[in-house]
Amino acid sequence: MLWFGDILFYYGLCGMLLYPFRKTSPKWLLVIGITCMAIGTFKEMLGYNELREKRAAYNEAIVTEKAKKKLNAKQQEAKTVWLEMEINRKPNQERSQKNIEKMRSGYATIFTYFIPRNSDNEIFGMYHGMWDMLSMMFIGMGLFGLGFFSNKATTGTYVMSLLVGYGMGIPLGFIYFNGWLENTQNFGHFVDSYRLHPGFLYDIRRLLLAIGHASIIMLVFRSQIVPWLMKGLASVGQMAFTNYLMQSIICTLFFYGYGLGYYNKFRLHQVYYVVASVWVFQLIFSSIWLRYFRFGPFEWIWRSLTYWKKQPMKLKKTGVFVSAIS
């Protein structure tokens, strides 16, 4: 896919590491997940400490300059390194315009343009983001094994996890957002002010909010308030691979130059209209598709390749349609 930031590459690599743990006890999966989160946080802490050391060296050079003293080679290098970092963090109009022109071009141009970007991101993402992804996967596997995602927990458990997840996750998210906002507005002051980077809250905040989201979905499902929505979501989930790829296909054709070319033509709030439209379409499409077929089209291709044999696709008619789940 040409959708920038596609996650399947990372998930595929992490999946190979997860496979040997498929029969591990859920409690141990949770422990491993939390350990991976701690390792990732520690790595981020080391990286931020290096950044603070560069800032301290720069500040020392500035103090020396203000004292009308000549900078030595080390101080001059520290000053140059920091100033280059600040310049690279500022918006570059020329670079932005070049990016827009490329993204509004034809397929071959975009494909070529993305090759170095994707390869750089894949290397950077696996080195810096592996522990982050593994932690969420291990914790998700553990919660699945405990029945949290299959409606086996008590209503009280879901209510409590909802209150804890949102009650702690939302305030942490507010702190995280404010920290990053200051980071973008005044990078030097941010590094001087924050001994610990707010990004350390990222995984904790995300885990808490994810548990809150899952809890409210399970409570709504259990209440049977909107059964049509739950049925639609179940269909979307059954075709998760197809729907994931479909979003990339739809959005590339909508935004990129070889499609409708709406790249960088929408304001932020207008993008949400596109998001909502794709969601509604997929809810309807998935429900209709599974009335006639056992799997989504990409799930069918994947299963056929896995078993190296063409899998049955159409549902058999026996007066009424057979359940798409069978």
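Residue numbers count from 1 along this sequence.
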Report task. Say whether, by atom type as modelled, one donor and one acceptor occur between the side chain of Glu86 and the main chain of Asn186 under 3.5 angstrom. Result -> no
Report task. Please work out which of the three classes, parallel, tilted or perpendicular, describes the rings of Tyr256 and Phe114, given edges at 30° and 60°. Result -> perpendicular
Query raised in the report: Are the side chain of Gln311 and the backbone of Lys309 linked by a donor-acceptor contact shorter than 3.5 Å?
Result: yes
Requested in this report: Can you measure from CD1 (Ile284) to OG (Ser235) and round to the nearest 0.5 angstrom?
Outcome: 12.0 Å
Requested in this report: Over all heavy atoms of both residues, which pair between Asp192 and Arg52 is shortest? Give the atoms and the distance, please.
Outcome: O-NH1, 4.1 Å
Query raised in the report: Any side-chain heavy-atom pair from Tyr292 and Ile288 closer than 4.5 angstrom?
Result: yes
Report task. Indicate whether the side chain of Asn99 and that of Arg104 have a donor and an acceptor atom separated by less than 3.5 Å. Result -> no
Report task. Give a yes or no on this: more than 12 heavy atoms of other residues, nucleotides or ligands lie within 6.0 Å of atom CE of Met130. Result -> yes
Query raised in the report: Less than 4.5 Å apart, any side-chain heavy atom of Val274 and any of Trp279?
Result: no
Query raised in the report: Got Met218 and Arg222 here, is their nearest side-chain heavy-atom distance under 4.5 Å?
Result: no
Query raised in the report: Does atom CE of Met313 have more than 12 heavy-atom neighbours, drawn from other residues, nucleotides or ligands, at distances under 6.0 Å?
Result: yes
Query raised in the report: Between Met239 and Leu290, is any pair of side-chain heavy atoms under 4.5 Å apart?
Result: yes
Requested in this report: Look up atom CD in Gln97 and atom CG in Asn92, then write down how far apart they are to the nearest 0.5 Å.
Outcome: 11.0 Å
Requested in this report: Determine, using ring centers only, whether Phe254 and Tyr262 are less than 6.0 Å apart.
Outcome: yes
Requested in this report: List, by chain and number, the other hydrophobic cluster members for Leu46, where Ile, Leu, Val, Met, Phe, Trp and Tyr join if side-chain heavy atoms come within less than 4.5 Å, directly or indirectly.
Outcome: Phe42
Query raised in the report: Are Ile249 and Val271 joined in one hydrophobic group, where the rule is that I, L, V, M, F, W and Y side chains link up if heavy atoms are under 4.5 Å apart?
Result: yes
Query raised in the report: Considering all heavy atoms of both residues, which atom of Phe295 and which atom of Pro312 are nearest to each other, and what is their separation?
Result: CE1-O, 3.4 Å
Query raised in the report: Which atom names give the shortest non-hydrogen contact between Ile175 and Pro198, and what distance separates them?
Result: O-CB, 4.4 Å
Query raised in the report: Yes or no on side-chain contact (heavy atoms from CB on, under 4.5 Å) for Glu182 and Asn178, after CA distance, side-chain angles and deciding distance?
Result: CA-CA 6 Å; Glu182 187 173 348; Asn178 280 341; over 6 Å; no
Query raised in the report: So how far is it from Phe293 CZ to Gln238 CD, rounded to the nearest 0.5 Å?
Result: 13.5 Å
Report summary line: side chain to side chain donor-acceptor pair (under 3.5 Å) filter on Ser105, not counting sequence neighbours, yields none
Report summary line: With sequence neighbours left out, the residues meeting salt bridge (Lys or Arg N to Asp or Glu O under 4.0 Å) with Glu65 are Lys79
Query raised in the report: Taking atom CD1 of Ile217 and atom CG of Leu162, what is their separation to the nearest 0.5 Å?
Result: 11.0 Å
Query raised in the report: Tracing side-chain links under 4.5 Å among I, L, V, M, F, W and Y, which residues wind up in one group with Leu181?
Result: Phe177
Query - Partners passing ring-ring contact (aromatic ring centres under 6.0 Å, His included) against Trp302 (at least two apart in sequence or in another chain) - result: Phe241
Query raised in the report: With hydrophobic residues grouped by side-chain heavy-atom distances under 4.5 Å, do Met137 and Phe149 end up in a single group?
Result: no
**Report entry** Members besides Val31 in its Ile/Leu/Val/Met/Phe/Trp/Tyr cluster (side-chain heavy atoms under 4.5 Å)
**Finding:** Trp28
Requested in this report: Could you list the residues that satisfy side chain to side chain donor-acceptor pair (under 3.5 Å) with Thr80, not counting sequence neighbours?
Outcome: none
**Report entry** Common cluster, Met141/Met37, ILVMFWY with side-chain heavy-atom separation under 4.5 Å
**Finding:** no
Report summary line: The ring-ring contact (aromatic ring centres under 6.0 Å, His included) partners of Trp300 (sequence neighbours excluded) come to none
**Report entry** Taking every non-hydrogen atom, the tightest pair across Tyr272 and Leu268
**Finding:** CD1-O, 3.4 Å
Report task. Only counting residues at least two apart or in another chain, list the ones meeting side chain to side chain donor-acceptor pair (under 3.5 Å) with Thr157. Result -> Thr154
Query raised in the report: Just wondering, do Phe138 and Thr35 contact through their side chains at under 4.5 Å, heavy atoms?
Result: no
Requested in this report: Would you indicate whether the side-chain heavy atoms of Leu71 and Glu60 approach each other to under 4.5 Å?
Outcome: no
Query - In one Ile/Leu/Val/Met/Phe/Trp/Tyr side-chain cluster, 4.5 Å: Val191, Ile87 - result: no
Report summary line: What one should report as the nearest heavy-atom pair of Leu143 and Leu30 is N-CD2, 4.1 Å
Requested in this report: For Arg89 and Thr184, indicate whether the former's side chain and the latter's backbone hold a donor-acceptor pair under 3.5 Å.
Outcome: no
Query raised in the report: Quick one: are Lys102 and Thr112 in side-chain contact, heavy atoms under 4.5 Å?
Result: no
Query raised in the report: With sequence neighbours left out, what residues match Asn243 under side chain to side chain donor-acceptor pair (under 3.5 Å)?
Result: Gln282, Ser286
**Report entry** Working for side-chain contact (heavy atoms from CB on, under 4.5 Å), residues Lys43 and Trp131
**Finding:** CA-CA 9 Å; Lys43 282 178 84 305; Trp131 297 109; 3.5 Å; yes
Query raised in the report: With side chains defined as the heavy atoms from C-beta onward, is the minimum distance between Leu253 and Leu260 less than 4.5 Å?
Result: no
Query raised in the report: Judged by atom type as modelled, is there a donor-acceptor pair below 3.5 Å linking the side chain of Thr242 to the main-chain atoms of Phe298?
Result: yes
Query raised in the report: Hey, what do you get for CD1 (Ile62) to CD (Gln75), rounding to the nearest 0.5 Å?
Result: 10.0 Å
Requested in this report: Please state whether the rings of Phe281 and Phe285 are parallel, tilted or perpendicular, taking 30° and 60° as the class boundaries.
Outcome: parallel
Query - Over 12 non-hydrogen atoms of neighbours within 6.0 angstrom of CD in Glu94 - result: no
Requested in this report: Looking only at non-hydrogen atoms, find the nearest pair between Ser287 and Arg291 and report the distance.
Outcome: O-CG, 3.3 Å
Query raised in the report: Does Phe148 have any ring-ring contact (aromatic ring centres under 6.0 Å, His included) partners at least two apart in sequence or in another chain, and if so, which?
Result: Tyr158
**Report entry** Leu201 with Ile211, same ILVMFWY side-chain cluster at under 4.5 Å
**Finding:** yes
Query raised in the report: Looking at Tyr19, does the NZ or CZ of Arg22 lie under 6.0 angstrom from its six-membered ring centre and within 45 degrees of the ring axis?
Result: yes
Query raised in the report: Judged by atom type as modelled, is there a donor-acceptor pair below 3.5 Å linking the side chain of Asn88 to the main-chain atoms of Glu84?
Result: yes
Query - Leu134 vs Leu18, side-chain contact (heavy atoms from CB on, under 4.5 Å): CA-CA, chis, key distance, verdict - result: CA-CA 8 Å; Leu134 287 176; Leu18 290 168; 4.3 Å; yes
Query - Selection residues 194-218 - residue pairs positive for ring pair (Phe, Tyr, Trp, His ring centres under 6.0 Å), sequence neighbours left out - result: Tyr48-His197, Tyr166-His213, Tyr176-Tyr202, Trp180-His197, Phe190-Tyr194, Phe190-His197
Query raised in the report: Where do Tyr107 and Thr252 land on the side-chain contact (heavy atoms from CB on, under 4.5 Å) test, with the steps shown first?
Result: CA-CA 10 Å; Tyr107 183 90; Thr252 50; over 6 Å; no
Report summary line: Value for CD1 (Ile139) from CG (Leu29), rounded to nearest 0.5 Å, stands at 10.0 Å
